[in-house]
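All values derive from a computational prediction rather than experimental measurement. In what follows, chains carry the letters A, B, and so on, assigned in the order in which the sequence lines appear, proteins first and then strands, with residues in each chain numbered from 1. Both backbone and side-chain heavy atoms feed into the values below; hydrogens, waters and symmetry mates do not.
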Number of protein chains: 4
Amino acid sequence: MKGLVYHGPRQVSVETVDDPRIERPQDALVRITTTNICGSDLHMYEGRTSVEAGKVLGHENMGVVVDVGAAVDRIKVGDRVSVPFNIACGACRNCETGWTSFCLRTNPTEGVDGAAYGYANMGPYPGGQAEFLRVPYADFNLLKLPPGREHENDFTMLSDVFPTGYHGTELAGVSPGDSVAVFGAGPVGLMAAHSAFLRGATQVFVVDKEPDRLRLAAAIDATPIDFSKGSAVEQITDATNGRGVDRGVEAVGYQAHDPSGDEQPALVLDNLVEVVRTTGGIGVVGVYMPSDPGAATEQAKQGRIGWEYGSFFTNGQRMGTGQCPVKRYNRQLRDLILAGRARPGWIVSHELPLDEAPTGYQNFDDRVDGWTKVLLHPAAA
Amino acid sequence: MKGLVYHGPRQVSVETVDDPRIERPQDALVRITTTNICGSDLHMYEGRTSVEAGKVLGHENMGVVVDVGAAVDRIKVGDRVSVPFNIACGACRNCETGWTSFCLRTNPTEGVDGAAYGYANMGPYPGGQAEFLRVPYADFNLLKLPPGREHENDFTMLSDVFPTGYHGTELAGVSPGDSVAVFGAGPVGLMAAHSAFLRGATQVFVVDKEPDRLRLAAAIDATPIDFSKGSAVEQITDATNGRGVDRGVEAVGYQAHDPSGDEQPALVLDNLVEVVRTTGGIGVVGVYMPSDPGAATEQAKQGRIGWEYGSFFTNGQRMGTGQCPVKRYNRQLRDLILAGRARPGWIVSHELPLDEAPTGYQNFDDRVDGWTKVLLHPAAA
Amino acid sequence: MKGLVYHGPRQVSVETVDDPRIERPQDALVRITTTNICGSDLHMYEGRTSVEAGKVLGHENMGVVVDVGAAVDRIKVGDRVSVPFNIACGACRNCETGWTSFCLRTNPTEGVDGAAYGYANMGPYPGGQAEFLRVPYADFNLLKLPPGREHENDFTMLSDVFPTGYHGTELAGVSPGDSVAVFGAGPVGLMAAHSAFLRGATQVFVVDKEPDRLRLAAAIDATPIDFSKGSAVEQITDATNGRGVDRGVEAVGYQAHDPSGDEQPALVLDNLVEVVRTTGGIGVVGVYMPSDPGAATEQAKQGRIGWEYGSFFTNGQRMGTGQCPVKRYNRQLRDLILAGRARPGWIVSHELPLDEAPTGYQNFDDRVDGWTKVLLHPAAA
Amino acid sequence: MKGLVYHGPRQVSVETVDDPRIERPQDALVRITTTNICGSDLHMYEGRTSVEAGKVLGHENMGVVVDVGAAVDRIKVGDRVSVPFNIACGACRNCETGWTSFCLRTNPTEGVDGAAYGYANMGPYPGGQAEFLRVPYADFNLLKLPPGREHENDFTMLSDVFPTGYHGTELAGVSPGDSVAVFGAGPVGLMAAHSAFLRGATQVFVVDKEPDRLRLAAAIDATPIDFSKGSAVEQITDATNGRGVDRGVEAVGYQAHDPSGDEQPALVLDNLVEVVRTTGGIGVVGVYMPSDPGAATEQAKQGRIGWEYGSFFTNGQRMGTGQCPVKRYNRQLRDLILAGRARPGWIVSHELPLDEAPTGYQNFDDRVDGWTKVLLHPAAA
């Protein structure tokens, strides 16, 4: 089959790779109809991770089941499914308490809990930017969708960015009546803003400097804050009569840049501490790394971020972090899409056949204006 | 009346000060029977804060009501009461949601939420290391105790350290069946350990290097970990079959020292990130400061702590922080004392008349062996 | 001043009554701008309660503060305020944990926790269907509103029906992605439906038989279910592929009637047990009474309702009940109104001067078509 | 192999039955070392259910794995395991949210969610009062125990009664500082009392009239209340200064009897409503049935219980019900046993070889004094 293969920094190509097959009785095989390029794919694309050359990328996958193993009795051949990016066993302590993003059994890497498709450090699993994908523990992992092609561009957000944005609001504790500041208007930040409204937020500020992204935020009635035009903290504080917001979501990660373009890993955390009110909650879904050899400072190379921790404490704030356990939210979010109350597909800017994936990577990575979210359709390839 | 007055670094004396009186209709006047020296009093004693000379210290107070204002209708003259260290109005948004430690109205200092008796930066309120104390919003703030002198040394822990230790376990999310690591075996850490067991913990590790404190930990069946004998993280990891603990409590604060005695503000946070399992919770009740002019590094002077944030994120951990809202817990803890199920007074090492308070400060600050918790009894003076 | 006085079953009149005044230092005096007739006022109007003749009715009040006692320091003369129907002390165990509807101190009636204005069995407090109202513990009880007259018909829902409907969804545990069935399309049921959407519900069924009420439900995208056209349970089950709903809200109470008009106090509870899925939650805000001398059966006279409890257990359902603690929700709901995300005033059908209150009572009680919610404006009288 | 077979009311015998075997790749085969007779076995034994003749009974099982299917990769042959009484698939909506007691897929009976071994109406699964047991979805369902025989009598409580008692306290919302009333001192009620203390209760009242059971309650510092000596409500109210308790647990079920021995299905619910304070929580783990042909009244035959619902509402109480999802608690309870903090085996009165099971049934059913909990050891047979 064809797949998008990583060869080195900014080197990816679509080529013929081994066909996946049922390897264990709990497996299913999915023909991919849509798979997205994710912001975190860019960390790998840029060579900022330890991902090995030769790996098929892609963890935002959906499609139709074409084969199942002998132990699969919930999922049937022909089911249209969303594939959570987490590969989870369903039987370990973390899975059974809903933390599928930290499965204790599916990642053979020493000391790492949690596995994913086509991802650095998350186990030996090929990604889904390909024609087919093997899904372990299929009964546990797969989410059923109504048959057909309806809502394809909404449903494709269920494998990662929509639940991940939602997870940010859950970690932050967003509840009805709250005001919220979301830092980062990439797909995850936009989904966090959308989720905040679904949870009853009064006002949602979305901070970025890219006009295309800020326009998408405004399109769902969020309040865009352009931090290239002045301090985000001041703009939000002014807009809230000096009170700041109840909750904050970090959707940027360790590669945060200041307006002049310098990488400032503490910038967003500092902003959140300053703009969230005392006793408020902060959810962090932007990625931070235990070690980052490419970082600017010795401290950052070790994954240490010197942010305003003293103020965090005296503010009595709280913070939740980490990769999203997609299964905890994807059923509910699917039902909100079906009911017409959620429409995460509004962020899609481009749909490409698999063969054009390298173009998608390059334009998304270059932040070419208007390339906000790229979908790949292998089945059309 | 007599009161313990701060004059400058390591200079305190007991002298005659103005008698407090009912100033507003919501006030009560309490004759102090017991008031404790707190570890956070030492920050002020050592001159590490901005507390003004001439201030009466003391925020861990209990006693008997001797007068009430015209608007006090729940509390009566003669009631024996515990006085939470937080001074809270009972009617602002934070108070009404249980965050009395961040009252929006009682602290006139710009930008600071929350007030306390005899404390740096927490409003103009004299402390209770004195014969009498004025208590604002008495109906809201005071906790009634059974009359008499019974359980005096247990009840005196209700004003601060017992609820604060408990708050650490609440922020960490300790629930039945959890294992817990508490860093710091001062009064707050010991109370956190006691609280963890009350909440159903299986095993509680308590990390310190002072033998007297570790003995107190062992006395309640906690597992003492002496970090001067080797890495605390390794000792706990070994004792948990390599898994680490479910929850962690920080009860040390920004003046953490490594075994050689050097101040290392990131040390305890790093240890917690390493020893708490993925998805686990961390409660921070040890004090961190937004600015600390006496700190060793430029970053620490600004209240920035460069801890292992990248690992915190990849571990999917969560953290709650801040001063304890005493009222949220003190009734329940009082009832546990009355039922004979909690006995926080076991940490008391010394009971002194008010006149000997300076000796108490000096010995507690010098960490003289065996001076684990000092009570003052002004009424006996 | 003028007030609406109860004289006996279906006998009310507007007449001159004593002016209220500041009686205690915690009091405020409010000039009423809007006060509503509530469905529970009809229990009294119909003589189905023990309310004493001569009482001024009215517990859904808002207005402007015209005087305050010496201990009131948060609320100022001139503040526009919403008055929660609960009269709460702010300092008892129930108040301090957010259960102002069960205040232990404001109701002198033996064995009853909780007080209200102008209400049977809820203490000696006159109601606010009058020109002025005395508000005890004003700093704790009153919610500030922006000055002026804007949003008057939305804000007037904050004293009771909007928080009460919301409370039904909270007790039921409605969370994003849930489907919900609300029984009763009176003001409280309609507010429950509105609240369910604010909390992220996918679909909300509203069961009633009155066309005007069902139209109001449809106006906010709820799905009206007319139980006079067939079994509500069957209609909802059919509309949910046989699965039923995740959550249910009871907004009818002990005077439930079957389609033929017979009083059937177990009817709605039975329907909820049948239509809510296993492990689902049920919130009951429709009023049930410990004794009801006017009931049809001996059991019902004793407040006993013989509903399908065995199925409730085998379904593993849960149920929360009781009067709403308005303060827990009214700030957030006010902010949702201000943000334009909630608009509870859509149910208002009539606005009358106080003098015409008797007409309002009669038409509302007779369920005259279109009389869905009646506001009184004493200040305009 | 040998198994205990139900033949009709009060007719059971140990006889040779078909050996179980691995039927599906997710199965495991367990050699039973200990299996208990449960109070709910007596409903079947007495002929009060629809259980079919010929069924092997027994749902409280533990033992050693002797075979596994091809899809079992967490559990290994030789593992010592506790078998939760619920048979759960691990992949349906209820399982994935922790409600294994309401699995949507393992029970083929129309309209019933949840399956169990050897139980009326809970699917076609043979019980474990036998030498071997087939366990479906073994990786998901089985809890690993340390090898050997240590703590056998404690661990055997993990399959049902200890988690079920704990579930009662969870549904009631027991938290540190609460007082609790448990109705019923059978094994489940005693486990609820034990669990309440593990969760930090101050005082736990246990209501029964059997002296042997009340002695077991007293042995763990619970306060025994003998309702044959006077009203349980009055005794508890007097012991709590007229306030009643914070939480209540129902561990009796629909066959409740009054002191004179008459069946009164509403009795315990009424007592709970009266003895739990306003806003308090009630957890119901005693079994109620949707229909009960053997009941005394027409209403009770339909599963309707006419309890004091009006007071329940005016008290603002809440109630959770239903069979326990064992997996939600058994790991934590196992760890509490291992840490020496829980010791549920104190209720064991008799240990019998499998052959003597009929004697155990008869004496337990006859409530012969001292027969509080009977264990069967098939491996010793």
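The choice from Thr97(C), Leu171(C), Asp246(C) that makes the most heavy-atom pairs within less than 4.5 Å of chain D is Asp246(C). Ranked by heavy-atom pairs shorter than 4.5 Å toward chain C, the options Gln323(D), Arg318(D), Met319(D) are led by Met319(D). Chain D forms more heavy-atom pairs under 4.5 Å with one residue of Glu308(C), Gln317(C), Arg93(C) than with any other, namely Arg93(C). Heavy-atom pairs under 4.5 Å with chain C peak, among Leu104(D), Ile305(D), Asn121(D), Thr279(D), at Thr279(D).
Neither the backbone nor the side chain of Arg243(C) comes within contact range of chain D; no heavy atoms are under 4.5 Å apart. If you measure heavy-atom distances from Trp307(C) to chain D, the contacts under 4.5 Å come from both the backbone and the side chain.
To the nearest 0.5 Å, atoms OH (Tyr309(C)) and CG (Leu269(D)) are separated by 4.5 Å.
Residues of residues 282-303 of chain D placed with any heavy atom under 4.5 Å of a heavy atom in chain C are listed by number as Val284(D), Val285(D), Gly286(D), Val287(D), Tyr288(D), Met289(D), Pro290(D), Gln299(D), Gly303(D).
The 12-atom threshold is not exceeded at CD of Glu234(D), counting heavy atoms of other residues, nucleotides or ligands nearer than 6.0 Å.
Ion pairing between Asp113(D) and Arg277(C) fails under the 4.0 Å rule for side-chain N and carboxylate O.
When every heavy atom of Ala266(D) is checked against every heavy atom of Arg304(C), the shortest pair comes out as CB-NH1, 4.2 Å.
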